[in-house]
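Everything numeric in this text was worked out from a predicted model, so none of it was measured.
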Amino acid sequence: MDSEAKAASGEMLPEPVSTGGAGTVWDRLRDYAATQSGPFTSQEVLSWFRRHAPSKANERTVRTHIRGACWNVGDRSQFSHREPFLTRIDRGVFRRATINEIEQWRARNTTASTSRPTGATSEGTAAPVPLGPPSSGSSPQPQPDQDRRPAGEWYTEADVQSSLVTALVKNGWRILSVANTAAREHGIDVVAARDGQTAGIEVKGFPSRNYADPSRAGEAKRTLPGTQAGHGYAQAVLAAMRLRGKEPRWRSAIVLPDFPRYRELHGQTVASLSAAQIEVWWIDRSGDLHAP
């Protein structure tokens, strides 16, 4: 796939090469971002720094770098010589930038540089070297909640989680934690709060017919997606029931991509779920959240 096609699909930026234990705060922040396929909070970044780079875990410094790594913040002049690689979704909530977003950032950055006298910025200092070629066309600035899913599969667990977090923020929720579902991180997938209520949310995608592992590309799974979806649904219900026992004051919800198979399973269990005070929310192809 060429760069224009990747930008059009909204594909995530390629993972940066790990610097291991060495490198600057910026380098280590890129290392952390490489492990994330969905949204994350600044507090989660700080926790990672404390575990993996304690000598660089100054809270103010890390937060400053997180902001500077975002293409869509108001002022990143301190990091203007560096190409951003994050997108700010909401206060304290971020994700990896997409190729489309960075291509358009490069185009604007190049345009702004060439519109000034050669060798000078608006403040009269040396102009930054353009960081990449401008993308073709004159597309408007992408918004944080712009559809960034590949055209083929919008319903992977990571994409459903990302759509969920974006939709929650738009509807006034504050994101407290986000688990790395792609890495099968243990714990509640998303915890959010609004109007004095806390919700623990279990996220499930819809299974693909083929393996996601590149080494098995094109190889069909032996178990059909509808059967796999039944197993995933059962796991989500069990996780939601456990949360009801652990945190009885919280809202316990399951979020699913809107597929007929999941609707069928929900119809068979809706009375039991209602009695257990477990909610089911739906994400559609456009990324809209349908919740009670």
Within 6.0 angstrom of R244 CZ, more than 12 heavy atoms from elsewhere: yes
Using the ring of each side chain (for Trp, its six-membered ring), is F259 parallel, tilted or perpendicular to W154, with breaks at 30° and 60°? parallel
Report, as yes or no, whether the 6.0 Å neighbourhood of atom CZ on R51 holds more than 12 heavy atoms from other residues, nucleotides or ligands. yes
May I ask you to check whether W71 and F79 place their ring centers less than 6.0 Å from one another? no
For residues V160 and V255, determine if any side-chain heavy atom of one lies less than 4.5 Å from a side-chain heavy atom of the other. yes
Check whether any side-chain heavy atom of F49 sits under 4.5 Å from a side-chain heavy atom of P54, and report yes or no. no
Do Y233 and H266 have their ring centres less than 6.0 Å from each other? no
Working for side-chain hydrogen bond (donor to acceptor under 3.5 Å, both in side chains), residues S47 and E44: CA-CA 5 Å; S47 296; E44 288 171 319; over 6 Å; no
Determine, stepwise, if the pair S42 / R63 fulfils side-chain hydrogen bond (donor to acceptor under 3.5 Å, both in side chains). CA-CA 7 Å; S42 54; R63 290 185 184 276; 2.9 Å; yes
Carefully, step by step, assess E83 and R30 under the rule salt bridge (Lys or Arg N to Asp or Glu O under 4.0 Å). CA-CA 11 Å; E83 183 169 275; R30 285 181 65 85; over 6 Å; no
Decide if the gap between the ring center of F40 and the ring center of W48 is smaller than 6.0 angstrom. no
Got a salt bridge between E101 and R95, using NZ or NE/NH1/NH2 to carboxylate O under 4.0 Å? yes
Any heavy-atom pair between the side chains of T269 and V237 that's under 4.5 Å? no
Please test D258 against H290 for side-chain hydrogen bond (donor to acceptor under 3.5 Å, both in side chains), starting from the C-alpha separation and ending with a verdict. CA-CA 9 Å; D258 201 343; H290 303 272; 5.9 Å; no
Would a 4.5 Å heavy-atom cut-off, applied to side chains only, mark R249 and T198 as touching? no
Answer yes or no: does atom CZ of R242 have more than 12 heavy-atom neighbours from other residues, nucleotides or ligands under 6.0 Å? no
Decide, yes or no, whether a salt bridge links R28 with D31 under the criterion of side-chain N to carboxylate O below 4.0 Å. yes
Quick check on the 6.0 Å ring-centre criterion: do W282 and F206 meet it? no
Min side-chain heavy-atom separation E279-S252 under 4.5 Å: no
Going through the distances and angles, do T98 and N100 end up as a side-chain hydrogen bond (donor to acceptor under 3.5 Å, both in side chains)? CA-CA 5 Å; T98 66; N100 182 52; 5.0 Å; no
